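The block underneath contains the structure these notes are about, expressed in structure tokens.
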Amino acid sequence: MTTRLRETLDATSVYLPVEARIRSLRRLTKLETLFTIELPAGVSLHHDPGQFLEVSVFGVGEAPISISSSPSRSNGTFELCVRRVGEVTSALHTLHAGDAIGVRGPFGHGFPIHQFRGKDLLLAPGGLGLAPLRSLIQQVLDERRHFGRVTMLYGARHPSELLFTEELEDWAKRGDLEVHLTVDRPDEGWTGNVGVITTLFPKVQVHPRNTVAVTVGPPVMYRFVLIELLAKGIPEGDIWLSLERRMKCGVGKCGHCQMDHIFTCQDGPVFSYDSIKPLPEAL
Amino acid sequence: MATVETRQDVHIDLHYLTRIEGHGHLRIDTRRGDIERCELNVVEAPRFLEAMLVGRPHAQAPHLASRICGICSVSHTTASVRAVEKALGIEVSPQTEDLRKLAFYGEILDSHILHAYLLVAPDFFGQPSAIALAGEQPEVVTRALRMKRLAGDLCAVLAGRHTHPISIAVGGFRHLPTTATVAGLLDRLVEARADVAATLDLFRDLSFPPLNRETEVLALRRDDEYAFIDGDIACSDGGRWPVDRYAGVVEEHVVSHSTAKHSRHARNPYMVGALARFKINHDRLHPKAKGAAAALGLTPEASNPYLITAAQIVELVHCLEEAITLCQRLVDRGLRRESLVMPSHRSGEGVGVVEAPRGMLVHHYQIENAIVGRANCIIPTNQNLANLEADMRQLVPQILPLGTDEVTRRLEMLVRAYDPCISCATHVLDIDYA
Amino acid sequence: MGGHKASRPRVAFFDFASCEGCQLTVVDSLQRYPDLLEAVEIVQFREAMSERGEDYQVAFVEGSCTRPSDEARLLAVRKQAKYVVALGACAHIGGVNAGCHGKDPDELRRRVYGPAGDSIETGEARPIGSVIDVDAVIPGCPIDRDEFIRGVRCLLQGRLPRLPDTPVCYECKLRENECLIRHGQVCLGPITRAGCGALCPTYGTGCEACRGLVPDANQASLRTIFAEHGLATEASEAALELFLRRELAVQEV
Amino acid sequence: MNVRILGKQRIFEWVEGLQGSWRVVGPQASNGGWGFGEIRSADEIALDYPTTILPPKKALLPTRQVLFNYCEGRPEICRDAVPTVLLGVHTCDLHALTLLDRAYGGDPPDPLYRAQRAETVVVGLECLRPCTDQAFCKSMGTIAPPEGVDLHLTDLGEAYVVEVGTEQGRALLEDSISLPTAAEDDLRRLDRVMGEKWARFPNRLDFDVSQLPALMLSSRSSEVWTELAARCLGCGACTLVCPTCTCFDVRDEMDLSLESGSRVRVWDSCQIASFAVVAGGHNFRADRAGRLRHRFLRKGRYQKKAFGLPGCVGCGRCATACLARITPIETYNALYRRMGEARPTATEVVA
Ligand SMILES: Cc1cc2nc3c(=O)[nH]c(=O)nc-3n(C[C@H](O)[C@H](O)[C@H](O)COP(=O)(O)OP(=O)(O)OC[C@H]3O[C@@H](n4cnc5c(N)ncnc54)[C@H](O)[C@@H]3O)c2cc1C
Ligand code: SF4
Ligand code: SF4
Ligand code: SF4
């Protein structure tokens, strides 16, 4: 019997991190590292793809990080893909296998996978957006038969910034996942598409009535990707996004992530487009 | 340190004088035992604070004046408010006078502890710094820091902080501590008697290097108390003048090699500071401080500048006792909120004089329509520099046989004994001819 | 859990045109934080010690740059140090040295010193950031010792201290002070970077802006507020010049 | 109804009675004004205070609060709830507490707030005249106390009427002092005092408060925000003094050995430029106009939607605190006047 991480938090203090250990880490790019994390004995994660954890380095602080692996592959550990941008994320990059970090969560609402079943999936991550989306992709691949056509359009600024390149190759080889890649600035060896992610959209055909689109990326990307998705006729309620906001608590108290009456950390970070469209501050 | 030795002569060119406030440059050259050159140059960047005071609203003057020096900023602030108050006919309340004195004692305590323990003491223990000393004699440094903290808190409670005090203003105080806070301080001051006694024991056992040179000394003199704020200018030769006549008494002029303005009284070098105050005002010391002087073997006839440190210890005892008395009085009477006393006129001329830790400090302003029109400041270290050089000239031939290293060490200790504050001195200028 | 503890960093202190109050505050900080001496190795601190090492990693620089010879010294410090930290207002924004009505240094020198002063090397007082790159700032005149210690702690953790981006009014409200502007005193709290705990207003005195402008400072609005409170006077102009002369000139450009 | 009479000469006695087992937090003179603080000596209590700079919420949500300490990398929960009597809370602030209870309640509740709240007994104090010329509680519907206040005091001149609202309040009173039940005459006087009260409070909103959320929605793209932003100093004073503001920042503090420290939360303000900055430097509210609008919409609309209560209780503190003279009443009224002019929201980015 294991207790869920969230339950241990609720029993003590939702602000008190649980000590987890870095099992291993793998450098993905210059800025991103993939951490494999192990919870203490008797504690399990039980998350949905799209949910996030508050990750602590004591003495430095805490940052919301999406869980990058799927529940279907948990096996006692889970993965976090972290980009080094500021204090906490840089501190995480100084740690080694065996070091401890603090975790709280999982928080928020992830992707409603059950609603996606039986549908075609159009996945459009940009940059670091692949980190949370990977959790969904793994889950979908592990239950592949429940889904229709699955297409992924993934863009990064430079080939060296593409995440999970080995997995991308594997996915492309599977045959049941259509992968299109693009970069803004190619290097010598790049033979693929060049341009922002929206330049990939003309390459794919979708059945708008039966397609769910999921897009995760930096704030500036959304407005352009949305234009493409809507142009393809995908209903607003079938377009899903994950929003980034400053978050200090993860549980709807600190106010940083509030847009309108919505607390992104609790009501999101995953939203359907129709639910956030009336919120002018959302996008 | 670039030092060359030829036979028994010394050539000292010490660019990096440490454990003093500000940058100094010491140059000594002897030839066949005679001094060819003996200079203490000021290498600190010029900061024209005097000139900057000009054109400022008088209420801002004390805050700017404070920035002349971080270690004696209560002194500069107090001299500045006194200059403005005298210029504009402001009489402050007795409570204000008490509070100012208390803050002043805080500064004297802080500065003397810093100097005696953290800058001078390492020399006596053969250590390069208080940090090194902390490794050898942790209890000595811990005691120093404990006392210094109390002194700093004394200033902070009254004025917000020690360096650049906040609430000391023309006409009074802009903020008052609660009586309970003062009572808390009082308890700590009383406790600090043990530390001051231990300090006395420590310094009583040290032997100060010998040097005797009769010199004139100047200090403020009051008949009612050991003067720190206001009074007359008194001279060891017996003269006594009202402070307004400071200019005639202290004649400032430029010495070509060093551009910190050296001062000459009657064209002879003179000394200001703790030893000068002690020599002039010893009769006004608190009995316990008199006892301390006796214990240290310090007499009003003292003519050894190394004994400045001993005089500081005596003042430490005096200021602690006076601070206790003052705090007790404030606690007994309770503190009253008072509004600042407003000036009765908008123009005038005033001289504010205080005894900063390093000696007599003058701020002299002409105020026109609430704006400072002219400002002149006389800084203790500038007054001492000529005397310090005279001491060195006498000392060097006597200790020449000891060799360059020892000569250098003794000279450094001598410079340090004066506790020169070159930040203050360079409110005017800088020269580094090297 | 937590950042790895590196070996004790070697730290040096340097001073330029200043009152040395910030260095003194560093010494004072030992009163409350004696463990500072265990956390770092001070290899150079002329004001407090005779030992002198040149192999420092962190340089705390106090004072403003006024002379050509200062520039050479600053460049040497920059070359050696991994981190250069501006210590106090003089180094950060030029301090009161830079606030002197924009007076010509030559004229100032003559005024103080007469013709004999002509041989003295002077120049305009500038923040050290105008000569070398500065990694971090401990602002204030003088610095706040708690902030200094926090800064050291950040450096120990291998990161740079960040300054608060709230204005002094923010901390003033947290301390529940009555607003001085409403009581007819000039206060620059609304445009000044916080971090001092609104020390001056708490001690009944208008903020002098020694910590420099807060990002996005609304100077125009503050001037209007001064006018509405009858404070658009020589006193408020002098206050704005004391520490902010350089920064406001830049803001206007 | 359980109503008692507390003669004013017995206030000190009561406070002293409470001090035995409770921390008593109430209004007292401070810094030339009034502030809520721990009453250490009974005669410090100043129940006739007009208003305070910071609201009484600081007794439940300190400006700086340790979330947990850690030692050698191990976090340890820090339980610091203190049994507290929060004494002399005006009606607007009582409403604000109700909102706080909801904002910090929910799922999951804020553990620290909840712990302190559970240990706190609130004694309200009826306002018989506007506390400042900025107060507009009558317009916001907060002039009468909300349900469920433990004890509530009304000033009858020489005595307070004490209304017992909860079991907790009754127990507190019984443990600390024994008071006579109010007589018929006292109740009549209470009615009269309350009857006279209403007329003293002006109605300052040009419309009914029930329209406020809709007004705020339609005013999103109003030019009022840019006009106010030109004056706004971005100082955050308005939010710090607000009894209903709840935002906080979280920081780690460590000692110099880098071995132990604590994680603390401190009050934060949405008026500060970096409040909504995310990695990569993107700022979701980059200009003062956007930040001001967020604040007013939160007060006038969002909190009502999120928690069912208006986010503004009309205490007027922010109006007093704002040097730039940006006040809720004038802002709401200006938006109302211009409602006709307001254009449709220009914020539908994707169309
Ligand atoms: C739901 C969610 C999921 C996320 N998932 C991931 C993920 O899987 N992987 C990942 O790498 N990231 C993820 N992020 C982003 C991640 O949370 C941030 O990168 C992280 O919080 C940054 O924290 P930090 O302490 O490293 O940076 P900070 O030091 O907080 O700095 C972050 C950025 O904000 C700016 N900034 C911070 N404070 C200030 C200030 N006071 N003034 C001005 N600018 C300031 C900095 O310039 C910097 O650009 C996610 C975010 C959210 C909300
Ligand atoms: S006193 Fe100064 S810092 Fe305080 S609120 Fe008023 S303007 Fe702001
Ligand atoms: S108090 Fe006034 S000036 Fe300050 S942030 Fe609020 S609205 Fe702007
Ligand atoms: S918005 Fe202003 S008036 Fe309303 S509750 Fe907050 S501080 Fe009081």
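Remember, it's a predicted structure, so these values are computed and weren't measured experimentally. So that the names make sense, note that chain A is the first sequence line, chain B the second, and so on, each numbered from 1.
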Partner chain C: residue of D268(D), D287(D), V266(D) with the largest heavy-atom pair count (under 4.5 Å): D268(D)
Least distance between heavy atoms, M254(D) atom then R153(C) atom: N-NH1, 2.7 Å
Within 6.0 angstrom of E234(C) CD, more than 12 heavy atoms from elsewhere: no
Point-to-point distance, once rounded to the nearest 0.5 Å, from OG of S257(D) to CG of L156(C): 9.5 Å
Shortest non-hydrogen contact from C235(D) toward C169(C): CB-CB, 4.0 Å
Flag if over 12 foreign heavy atoms under 6.0 Å of CG, D55(C): yes
Within 6.0 angstrom of R159(C) CZ, more than 12 heavy atoms from elsewhere: yes
Within 6.0 angstrom of R32(C) CZ, more than 12 heavy atoms from elsewhere: yes
Proximal component of T166(C), with respect to chain D [non-hydrogen, under 4.5 Å]: both
Chain C contact via L54(D) - which portion, at a heavy-atom distance below 4.5 Å: both
Nearest-0.5 Å distance, OG of residue S221(C) to CD1 of residue I326(D): 7.0 Å
Part of F275(D) within contact of chain C (heavy atom distance under 4.5 Å): neither
Euclidean distance, L323(D) CG relative to E228(C) CD, rounded to 0.5 Å: 9.5 Å
Leading residue by heavy atom contact count with chain D [cutoff under 4.5 Å; candidates A220(C), A39(C), G204(C), P190(C)]: P190(C)
Under 3.5 Å donor-acceptor, N31(D) side chain and E178(C) backbone: no
Under 3.5 Å: donor-acceptor pair, side chain of R288(D), backbone of D216(C): yes
Shortest non-hydrogen separation from Y170(C) to W267(D) and the atoms involved: OH-O, 2.8 Å
Which portion of A286(D) sits near chain C, non-hydrogen atoms under 4.5 angstrom: neither
Atom pair OG1/NZ of T239(D) and K173(C) - distance to nearest 0.5 Å: 11.0 Å
Main-chain N/O of T320(D) paired with R182(C) side-chain donor or acceptor, under 3.5 Å: yes
Distance (rounded to the nearest 0.5 Å) between L240(D) CG and L174(C) CG: 5.0 Å
Between CD1 on residue I53(D) and CZ on residue R175(C), distance to nearest 0.5 Å: 12.5 Å
Check against side chain to side chain contact (heavy atoms under 4.5 Å, CB included), E38(C) and L256(D): CA-CA 9 Å; E38(C) 274 142 50; L256(D) 283 166; over 6 Å; no
Heavy-atom proximity to chain D below 4.5 Å, by part of R150(C): neither
Contact winner vs chain C - S274(D), G261(D), G35(D), heavy-atom pairs under 4.5 Å: S274(D)
